[in-house]
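One structure below.
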Amino acid sequence: MRNLYRILVILAVVAIFLIAFLFVTSNRDLVMIDLLVDSWQWQVSLGVLVISVLAIGLLVGLLAGVGLRGIKGLFS
């Protein structure tokens with residue numbers, strides 16, 4: 001019974017995430033990102049920004065999970 005409860009909670013959280021993700025990525029409003037370098041600005045839609053931040057986060061998580069030694073072992 002506990003496993004069924006956990007599965008339902010995980011499914012509810014994933015459903016909420018997907019609804020919020022679809023809402024944000026369908027937003028076509030442009031946002032201006034002012035970078036730290038002088039007079040560099042990036043104008044991008046909010047959906048592209050969310051996808052970019054998500055992809056960067058996934059790559060950082062992969063590096064943290066696998067570790068640099070594991071990545072070096074893949075290419076050796």
Side-chain angles (χ1 to χ4, degrees):
M1 187 68 181
R2 186 184 312 174
N3 289 337
L4 182 62
Y5 175 73
R6 288 180 183 169
I7 290 171
L8 289 175
V9 168
I10 289 171
L11 287 176
V13 169
V14 168
I16 291 170
F17 172 78
L18 287 177
I19 290 169
F21 183 75
L22 288 174
F23 175 75
V24 170
T25 55
S26 67
N27 192 348
R28 302 275 184 222
D29 292 339
L30 293 176
V31 291
M32 181 75 68
I33 300 173
D34 191 11
L35 301 173
L36 295 176
V37 180
D38 189 30
S39 73
W40 277 23
Q41 292 181 343
W42 187 32
Q43 188 173 4
V44 66
S45 70
L46 192 57
V48 172
L49 180 64
V50 168
I51 296 292
S52 302
V53 169
L54 182 63
I56 291 170
L58 288 172
L59 288 175
V60 169
L62 179 68
L63 286 175
V66 173
L68 293 176
R69 180 178 289 172
I71 291 175
K72 286 190 330 188
L74 289 174
F75 296 110
S76 297

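These numbers were taken from a predicted model, which means no experiment stands behind them. Note that the numbering runs from 1 along the sequence shown for the chain.
Qualifying side chain to side chain contact (heavy atoms under 4.5 Å, CB included) partners for L46, counting only residues two or more places apart in sequence or in other chains: V24, N27, V31, L49. Under the rule for a ring pair (Phe, Tyr, Trp, His ring centres under 6.0 Å), Y5 has no partner lying at least two apart in sequence or in another chain. For R2, the side chain to side chain contact (heavy atoms under 4.5 Å, CB included) partners at least two apart in sequence or on another chain are R6.
Grouping Ile, Leu, Val, Met, Phe, Trp and Tyr by side-chain contacts under 4.5 Å, direct or through others, puts I56 with V60. Here L30 sits alone; no ILVMFWY side chain lies under 4.5 Å from its own, so it joins no hydrophobic cluster.
A continuous path of hydrophobic side-chain contacts links L18 to L58 [ILVMFWY only; heavy atoms under 4.5 Å]. There is no path of hydrophobic side-chain contacts, each under 4.5 Å, that joins L22 to V50. F17 and V9 fall into different hydrophobic clusters, where Ile, Leu, Val, Met, Phe, Trp and Tyr side chains are chained together by heavy-atom contacts under 4.5 Å. Hydrophobic clustering, with ILVMFWY side chains joined whenever heavy atoms are under 4.5 angstrom apart, groups V53 together with F23.
Residues F21 and I16 are not in side-chain contact: their nearest non-hydrogen atoms beyond the backbone lie 4.5 Å or more apart.
Here the CG atom belonging to L8 is positioned 6.5 Å from the CG atom belonging to L11, to the nearest 0.5 angstrom.
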